[in-house]
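Predicted model, so just to flag it, every value in this text is computed and none were measured.
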Amino acid sequence: MPSPVDVSQNGNARHAEAAPSLFEIEEDLARLLERPRQVNIERKRSFDERSFSEMSMTHSPPRQVYKNSENSSRVFDNMVGVYSPGRWSGIHTPRSTFGYEPHPIIGEAWEALRRSIVNFRDQPVGTIAAIDNSAEELNYDQVFVRDFVPSALAFLMNGEPDIVKNFLLKTLRLQSREKKIDQFKLGDGVMPASFKVSHDPVRNYETITADFGESAIGRVAPVDSGFWWIILLRAYTKSTGDTSLAEMPECQRGIRLILELCLSEGFDTFPTLLCADGCSMIDRRMGVYGYPIEIQALFFMALRCALFLLKHDEENQECCDAIIKRLHALSFHMRSYYWLDIKQLNDIYRYKTEEYSHTAVNKFNVMPDSLPEWVFDFMPTRGGYFIGNVSPAHMDFRWFCLGNCISILSSLATPEQASAIMDLVESRWQELVGEMPLKICYPAMEGHEWRIVTGCDPKNTSWSYHNGGTWPVLLWLLTAAAIKTGRPQIARRAIELAESRLLKDSWPEYYDGKLGRFIGKQARKFQTWSIAGYLVARMMLEDPSHLGMISLEEDKQMKPTMKRSASWTC
């Protein structure tokens with residue numbers, strides 16, 4: 001249970017705990033964590049950009065190396081080391097770096113985003129999920145870890161890192177609390193799905209209550225929260241140019257605890273993470289249990305970000321070694337078995353079954369007759385994507401936006417695969433974007449399949465919510481992926497679509513229908529991450545150097561050394 005908070009006579013809230021820690025003197029730490037006034041933007045080769053094969057077992061400090069862009073499609077990768085705060089206008093909104101006048105809705109978006117800010121002890125610690133006075137609050141008045149990520153990126157790009165620092169510290173403190181669901185204790189590394197700040201004006205008393213899944217739909221712990229926390233910590237470090245926060249012993253320990261949950265040995269025969277339904281953005285029953293692409297892509301990106309953040313000392317050596325080994329195995333597995341293009345689709349169509357021994361081509365014994373009819377028409381001649389799930393005798397061929405975009409940003413996708421994903425988006429624009437970006441998954445489940453897989457979920461009916469619904473928040477991920485692959489015109493086209501409706505429709509949570517034409521039947525208005533997602537997309541398009549805080553360069557030494565049909569030892 002969360003610890004109570006005392007309030008002194010002068011009105012300042014303080015945690016009532018016996019032993020002081022660094023968290024009790026956050027105000028003093030603020031001085032140490034201020035953004036440097038002068039930042040050397042001369043490009044250094046950062047730890048996450050180096051090949052894993054260059055890392056010795058002693059983890060020596062990175063050498064200073066300079067290099068040029070190798071081809072025009074990767075031009076933005078050279079911006080990852082550049083510190084680039086937003087430029088302010090008179091109404092506290094950023095001007096375009098290139099001198100363009102901001103779109104008229106940008107000011108409205110910033111005002112709406114600032115209204116969502118939550119304070120604790122007079123310090124901003126996050127943004128609530130939505131401010132919709134026309135609907136019951138439920139848990140939309142809480143600060144969700146995954147929801148805050150686009151808000152955090154918007155503030156970082158606008159030169160406002162304090163709220164992000166406070167959020168990272170506060171959620172890290174919540175990680176240290178005992179976590180129980182009924183009589184079962186969760187792992188020490190589990191991060192909360194969300195937290196709520198409660199105010200008692202009579203007693204001048206404030207508390208923070210965290211939800212680790214015990215109040216969530218289905219009582220599922222959030223697997224993605226820890227990954228997003230690590231990714232956001234790297235974004236903060238890249239944006240501010242300051243490593244003091246990440247190097248705090250508490251942060252170093254927090255990273256290790258998260259990764260220990262994922263890197264521990266067990267009965268797994270694959271490097272992917274086994275997950276329950278509802279453990280990520282799709283937090284309801286949608287048939288994504290097993291090894292969903294969203295979790296695997298976030299896992300991969302978090303592992304790479306952790307290598308950048310962890311200090312290379314004896315205490316972290318074992319963890320870093322385990323990360324490097326897992327990255328090699330995970331990248332090979334995902335690029336080999338999750339990737340689908342027209343050639344691979346044809347190969348699966350011709351699979352033999354009941355193969356035995358290490359020479360098997362159909363390693364997961366997938367039945368060709370299980371191929372859905374829609375996938376043959378959906379797959380273009382040029383293009384491809386990472387499918388939703390791979391496990392024994394099962395492949396989920398649905399397209400999932402978040403997993404594929406994160407695969408591009410983390411360089412889980414090779415440059416060729418990243419280009420093929422964007423080819424698919426362009427070829428299937430009507431299906432994936434339509435009249436409003438962007439489909440969370442495609443296609444929707446209908447009829448008997450919907451009844452069996454979702455349990456007749458009235459919220460996830462066909463082409464609604466998680467079941468083929470359209471989510472404006474995904475705009476920032478598509479924009480980042482488009483810029484990284486050298487196709488900003490895709491981002492510009494999607495942003496223009498969003499700008500034509502988002503403000504007029506009061507920033508809804510999601511849209512319904514095959515084309516995303518209708519505001520979702522249960523969508524909240526003034527959904528914070530819809531607002532923040534638009535702002536981040538717009539700022540990245542106007543200043544592509546912002547991409548560096550959320551993008552990782554390809555590690556050329558991580559290419560598979562085996563052919564796809566070679567043995568996969570289990």
[X] and [Y]: side chain donor to acceptor below 3.5 Å:
X: Y511; Y: D505; answer: yes
X: T461; Y: K521; answer: yes
X: Q296; Y: Y338; answer: no
X: Y510; Y: Q522; answer: no

Does [X] reach the side chain of [Y], with side-chain heavy atoms less than 4.5 Å apart?
X: L245; Y: T237; answer: no
X: M286; Y: T454; answer: yes
X: F212; Y: I181; answer: no
X: N139; Y: D211; answer: no
X: V118; Y: D141; answer: no
X: C401; Y: I440; answer: no
X: E294; Y: I406; answer: no
X: Y534; Y: I106; answer: yes

Side chain [X], main chain [Y], donor-acceptor under 3.5 Å:
X: D132; Y: K525; result: yes
X: K484; Y: L409; result: yes
X: R501; Y: R517; result: yes
X: T470; Y: D512; result: no
X: N467; Y: A444; result: no
X: N404; Y: F400; result: yes
X: R538; Y: I495; result: no
X: R524; Y: E136; result: yes
X: R285; Y: D277; result: no
X: N460; Y: H466; result: yes

Ring centres under 6.0 angstrom apart (Y465, W471): yes
Would you say the ring centroid of Y442 lies under 6.0 angstrom from that of W463? yes
Heavy-atom closest contact ([X] atom, [Y] atom, distance):
X: D396; Y: G287; answer: OD2-O, 3.9 Å
X: L330; Y: F299; answer: CD2-CD2, 3.8 Å
X: A130; Y: Q527; answer: CB-OE1, 3.4 Å
X: A481; Y: C405; answer: CB-SG, 4.4 Å
X: K439; Y: W399; answer: O-NE1, 4.1 Å
X: A306; Y: I323; answer: CB-CD1, 4.0 Å

Validation: residues 147-155 side-chain donor-acceptor distances under 3.5 Å, sequence neighbours left out:
unit_1, atom_1, unit_2, atom_2, d
S151, OG, T127, OG1, 3.1

Atom CD1 in I208, atom CZ in R177: separation rounded to 0.5 Å? 7.0 Å
Ion pair R114/E160, N-O distance below 4.0 Å: yes
Can you establish whether the number of heavy atoms outside K459 located under 6.0 Å from its atom NZ is more than 12? yes
Report the residues that fulfil side-chain hydrogen bond (donor to acceptor under 3.5 Å, both in side chains) with T171, sequence neighbours left out, ordered by chain and then residue number.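 side-chain hydrogen bond (donor to acceptor under 3.5 Å, both in side chains) check on T171 returns W229.
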